[in-house]
Amino acid sequence: MNGAASSLLQIEVSEQDTGSRIRLAGSLSVQTLSRLDAALQALPTRPTRLDLSAVTRLDTAGAWAIVMLQKRMTDAGSLAEIDGANRQQ
């Protein structure tokens with residue numbers, strides 16, 4: 001894992017009765033994509049809530065990762081919900 005990517009993006013995963021909760025903080029970008037992708041691939045396919053309220057930067061690579069998570073969950077018959085997104089991201 002790239003140390004710089006680790007300091008740019010913090011990923012907090014918690015399992016709850018209703019599904020997985022992922023809280024992202026920092027930069028969700030091409031520099032952090034491999035770290036985020038590894039964390040998302042490790043998730044079980046169950047309802048997932050993605051909290052973007054602490055994301056400070058979002059580029060097209062980060063947006064692509066979010067779309068791919070939603071597709072993966074939908075294809076598995078589950079869902080991914082997004083919280084905390086804003087127009088500035």
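By convention here, the first residue in the shown sequence is residue 1.
Leu52 and Val30 are not part of a single hydrophobic cluster, where members link through side-chain heavy atoms under 4.5 Å apart. Clustering ILVMFWY residues whenever any of their side-chain heavy atoms sit less than 4.5 angstrom apart, transitively, puts Ile11 in the very cluster that holds Leu28.
Residues meeting the salt bridge (Lys or Arg N to Asp or Glu O under 4.0 Å) test with Arg46, sequence neighbours left out: Glu15. Partners of Ser29 under the side-chain contact (heavy atoms from CB on, under 4.5 Å) rule, at least two apart in sequence or in another chain, are Ser27, Gln31, Thr32, Arg57, Asp59.
Closest approach of Pro47 to Ser78, counting heavy atoms only: N-OG, 2.8 Å.
Screening Leu50, Leu58, Asp51, Thr56 for a side chain to side chain contact (heavy atoms under 4.5 Å, CB included) involving Leu24 leaves a single residue, Leu50.
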Would you list the atom pairs, donor with acceptor, under 3.5 Å between side chains in residues 66-74 and any protein atom, with sequence neighbours excluded?
| residue | atom | partner | partner atom | Å |
| --- | --- | --- | --- | --- |
| Lys71 | NZ | Asp75 | OD2 | 2.6 |
| Arg72 | NH1 | Leu40 | O | 2.8 |
| Arg72 | NH2 | Leu43 | O | 2.5 |
| Thr74 | OG1 | Gln70 | O | 2.9 |

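With values rounded to the nearest 0.5 angstrom, Ile82 atom CD1 is found 10.5 Å from Ile22 atom CD1.
With contacts defined as side-chain heavy-atom distances shorter than 4.5 Å, the pair Thr48/Glu81 does not qualify. For the pair Arg21/Val13, no side-chain contact is recorded, criterion being any heavy-atom separation below 4.5 Å from C-beta on.
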